[in-house]
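One is the number of the first residue; the rest follow in order along the sequence. Values reported hereafter were calculated over all heavy atoms of this structure, with side chains retained and with hydrogens, waters and symmetry mates removed.
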Amino acid sequence: MMRLRLLAVIPFLALAAPLAGQGVLIAPTTVIIDARARTTSILLVNQGEEPAEVDISTFFAYTITDSTGQLQLHAPDSTENRFTSAAEWIRAFPRRMTIAPKSQQTVRLLVSPPADLPDGEYWARLAVLARGGRVPLERSTDTSQVNVGLSIEVRTLLPVLYRKGKVETGVAISDLRAARVADSVVVRGRLERQGNAAMIGTVRSELVDSAGRVRAAFSQPISTYLALEPRFVAPADSVPSGEYTLRMEVSAERRDLPPEALLPFRAVRDSVAVHLP
């Protein structure tokens, strides 16, 4: 089993993801493949001043949370259940390439699933490894001196969702709770996916006082493949001690994704009384 800690809440935060060192952009950042077409494409754009060498591969992984609520990328090993993996069916053409400066390359993704594949959604991660460019370690005004630098290598992971036949999703909220930590309110809750496809949406939460005033709030994109217990933080430095109602809603809305990436579901809400010391 392999778990990779996510440095940011990924996977679906932009329509084009930069590989900063190389100046390479990738679009889209969430790849949706319909079984009726079995193919799609991504676009790589080298914005840099040097060629970028790119390798593309696939593997099976999905996001989970650890005991502290931090997102991790979980890559099951061969002994674990891989019933939703599409990684073995996806081929990239070309798989290796060199993109000239200020140029772009279209990469076609072709899926060859089993003939008897049941309806549902199947997952993979597309790993785009780009090499090129250098970060200087020393800068000198003396042109006779040699500048030393490090070559840059950036690996970007994109979620791939292969959808066949009838796919549906939803989410159930449970174990909603909140606690004060320093000048913030930390909100936790269990989000369990419903249906046969990942839930992609937005979670919103409010801390409401006895007069109905919202004293703290947050809104954040969320993707639940199986189940998560994420940690959300809302600023609450001006919230006094007392009794409050914590409200949470998860809806099928995302500002950072095109509409075709989303599966509709009815918004789900839950609330709980909390005491903040």
Side-chain angles (χ1 to χ4, degrees), residues 1-14 17 29-30 61-76 123 125 157 159 169-195 197-257 262-263 265-277:
M1 175 182 68
M2 177 175 65
R3 292 182 182 179
L4 307 174
R5 183 172 296 278
L6 299 182
L7 299 181
V9 178
I10 55 178
F12 314 133
L13 295 188
T29 56
T30 298
Y62 53 89
T63 49
I64 62 171
T65 45
D66 64 14
S67 60
T68 68
Q70 299 298 315
L71 285 173
Q72 292 184 334
L73 195 60
H74 175 57
W123 314 323
R125 294 280 157 165
L157 305 179
T169 193
V171 66
I173 306 173
S174 62
D175 197 19
L176 189 59
R177 58 203 188 272
R180 189 192 298 274
V181 177
D183 59 354
S184 301
V185 172
V186 174
V187 176
R188 299 285 304 273
R190 180 175 176 82
L191 303 178
E192 188 168 356
R193 186 210 78 191
Q194 308 292 294
M199 185 282 295
I200 303 174
T202 296
V203 58
R204 299 180 178 88
S205 191
E206 297 177 338
L207 189 68
V208 182
D209 65 18
S210 58
R213 294 175 296 182
V214 176
R215 306 303 298 266
F218 69 83
S219 177
Q220 185 170 312
I222 194 74
S223 303
T224 304
Y225 287 81
L226 296 176
L228 297 176
E229 287 199 31
R231 180 181 188 269
F232 304 104
V233 179
D237 53 342
S238 62
V239 178
S241 301
E243 307 299 321
Y244 296 90
T245 299
L246 177 66
R247 300 172 180 167
M248 180 175 284
E249 176 188 84
V250 184
S251 59
E253 304 172 19
R254 288 288 289 269
R255 294 181 178 180
D256 57 317
L257 291 178
L262 303 178
L263 293 175
F265 63 89
R266 181 175 296 180
V268 178
R269 301 174 181 86
D270 196 9
S271 63
V272 66
V274 297
H275 172 75
L276 295 184

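- V239 is listed as a side-chain neighbour of Y244, based on a closest heavy-atom distance under 4.5 Å.
- Residues A234 and A216 approach most closely at CB-CB, 4.2 Å, considering heavy atoms.
- Closest approach of S205 and L246 over heavy atoms only: OG-CD1, 3.3 Å.
- Looking only at distances, no side-chain donor or acceptor of R125 sits under 3.5 Å from a matching main-chain atom of L73.
- For T169 (side chain) and G195 (main-chain N/O), no donor-acceptor pair under 3.5 Å exists by modelled atom type.
- Atom CG in L71 sits 6.5 Å away from atom CG in L228 (nearest 0.5 Å).
- Residues F265 and S251 share a closest heavy-atom pair of CZ-C, 3.5 Å.
- Considering OG1 of T224 and CD of Q194, their distance stands at 10.5 Å, rounded to 0.5 Å.
- Counted within 6.0 Å of CZ on R188, heavy atoms from surrounding residues, nucleotides or ligands total more than 12; the atom is thus considered enclosed.
- Counting all heavy atoms, side chain and backbone alike, L263 lies closest to A252 at O-CB, 3.8 Å.
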Note to self: Does T202 form a side chain to side chain donor-acceptor pair (under 3.5 Å) with R255? I'd like the steps, not just the answer.
What the structure shows: CA-CA 9 Å; T202 296; R255 294 181 178 180; over 6 Å; no
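- You'll find the side chain of P159 stays beyond 4.5 Å of the side chain of Y62, heavy atoms only.
- With sequence neighbours excluded, no residue forms a side chain to side chain donor-acceptor pair (under 3.5 Å) with E206.
- In this structure, the separation between CD1 on I200 and CZ on R193 is 11.5 Å, given to the nearest 0.5 Å.
- To the nearest 0.5 angstrom, E243 atom CD is 9.5 Å from S210 atom OG.
- D175 and R190 are not joined by a salt bridge, as no carboxylate oxygen comes within less than 4.0 angstrom of a charged side-chain nitrogen.
- Contact annotation: the side chain of V203 approaches that of M248 to within less than 4.5 Å [non-hydrogen atoms, C-beta and beyond].
- Note that CE of M199 and CD of E192 are 11.5 Å apart. Values are rounded to the nearest 0.5 Å.
- Summarising the geometry, atom CG belonging to L176 is positioned 12.0 Å from atom CZ belonging to R247; distances are rounded to the nearest 0.5 Å.
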